[in-house]
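Every chain is numbered from 1 and lettered A, B, ... according to where its sequence line falls, protein lines coming before strand lines.
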Protein chains: 2
Amino acid sequence: MGIIERKEREKEQRRNDIVDAAERVFLRKGFENTTVDDVAAEAELSKGTVYLYFKSKDELHYAINLRAMQKLNKIIRGVYDEKKDVVVNLEAMGNVFIKFAEEFRIYFEAILHFNSKSLANIEPCMTHDLLSDESPISFLVELIDKGKSKGEIRSDMNSILIVELLWSQIMGVLQFVFYKQELFKMFNITSEQVLTGLFEILKNGVRKSLEK
Amino acid sequence: MGIIERKEREKEQRRNDIVDAAERVFLRKGFENTTVDDVAAEAELSKGTVYLYFKSKDELHYAINLRAMQKLNKIIRGVYDEKKDVVVNLEAMGNVFIKFAEEFRIYFEAILHFNSKSLANIEPCMTHDLLSDESPISFLVELIDKGKSKGEIRSDMNSILIVELLWSQIMGVLQFVFYKQELFKMFNITSEQVLTGLFEILKNGVRKSLEK
DNA sequence: CCAAATTATGACTGTTAGTCATTTTTTATT
DNA sequence: AATAAAAAATGACTAACAGTCATAATTTGG
């Protein structure tokens, strides 16, 4: 009786089709200016049907965010090179994150969007997703632990704390660069300078005594 | 001919009254859940009148953001102690920023709100405001310059860049703590630990060799 | 071929930002 | 004090959009 399974698959497929349509509209009209009607039209479905597959607009947004995190996760894990130092690996991961943000604008926008949303307002599953293997967090914690045992990373700070600090600092800077571009242009500061500077601070801090 | 001036003052006063009313409603209902009708009712004015003084809801929000930045600015400048090291001053400023965020929740929410908005969508004056003496930015740039000449701060990085990096990193972490509290609770990480950790990273980075 | 279950529809509701013709109040002039 | 002109205030109205639900179309299993 594979009918139930097939139906299950078809339902999954339709959900995916809607998310695909949403991505296309977002790409055309931007994340914030897209209405549910737009998405329904693009998916060649009625609005009611969209609401059959997603409880709310936010949940549709969240589906994109999930895809984004999964892609980012793969990319970050993909550059890991166990022969290299942990700190070198971290920097490489930071760099592919930047590349990811440039290449998959919509995905990055989705991540930014949920970065400034309270967990309380979103599906409770978000907390779970953030910590699952679909997210880079768990992998990064392991990496930091490895760095500690190799004597590369300070061991007087909780690994989870380190990862969340690094993550939120990078997100903070990317958000600033993304939303306040004009400010940097005004001072002839390029995105590259900002990001090089960020990694420099993250690695070495601002103290003169630590200047290379 | 003081009539025009008096009218000017009255207009200013009314604008202020509306912002005062808005603050009260925000405190009751939260920043995001407040409608313009709510604000008008609280100010005992019609909605149309509110729109006479503010072009849009966003501009009303922005007025709160301005007040918030002015208050923060005063507080940050207030703790400056020229006898102390620049890095010590920076840390003290970071700490009063945290206290500010706790004490003036609405103001902090307003700052967070505009932190994740594109400059392009807001009044063009925002860029100006961000750099004026009403904002802590210009003061911090001077402080970093002083740190450089005293040999405390690395001089191989543009001072504006340093300030914007520090600012956006701190905002990133505060945003994360604010919106993702549940995550920290789950790992028994307190806000204090996060912020101590942040300052530690900002000062020293994550390298073992720099561990105190 | 039919009835039950599933899936899809789009007209409808509710909410809220923003507008504008009209009214009320204030100012300047006689 | 009476009146015309200017300024300020009003609230009913529009437009846009998220979300709902009674009804219709389609699929399934007998």
Do B/Ser135 and B/Ser132 get their side chains close enough for a donor-acceptor pair, meaning under 3.5 Å?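 Result is no, nothing qualifies.
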
So if I define the base as every atom that isn't primed, P, OP1 or OP2, how would nucleotides 7-18 of chain C read as a B/S/- string at a heavy-atom cutoff under 4.0 Å? SBBB-----SBB

Just say parallel, tilted or perpendicular for the rings of A/Phe100 and A/Tyr107, cut-offs at 30° and 60°.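 Parallel, since the angle between the ring planes stays under 30°.
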
Separation of [X] atom [atom1] from [N] atom [atom2], in whole Å?
| X | N | atom1 | atom2 | result |
| --- | --- | --- | --- | --- |
| B/Ile18 | D/dA9 | CD1 | C1' | 11 Å |
| B/Glu10 | D/dA9 | CD | C1' | 14 Å |
| B/Gln13 | D/dA8 | CD | P | 15 Å |

Taking side-chain contact (heavy atoms from CB on, under 4.5 Å) as the criterion, tell me which of A/Ile162, A/Val163, A/Asn158 meets it with A/Ile160.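 With A/Ile160 as partner, side-chain contact (heavy atoms from CB on, under 4.5 Å) holds for just one option, A/Asn158.
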
If I take atom CD from residue A/Gln175 and atom CG from residue B/Asn115, how far apart are they, to the nearest 0.5 angstrom?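 Rounded to the nearest 0.5 Å, the CD-CG separation comes out at 5.0 Å.
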
Please identify each residue that fulfils side-chain hydrogen bond (donor to acceptor under 3.5 Å, both in side chains) with A/Gln193, with sequence neighbours left out.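 With neighbours one apart ignored, the set is A/Thr190.
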
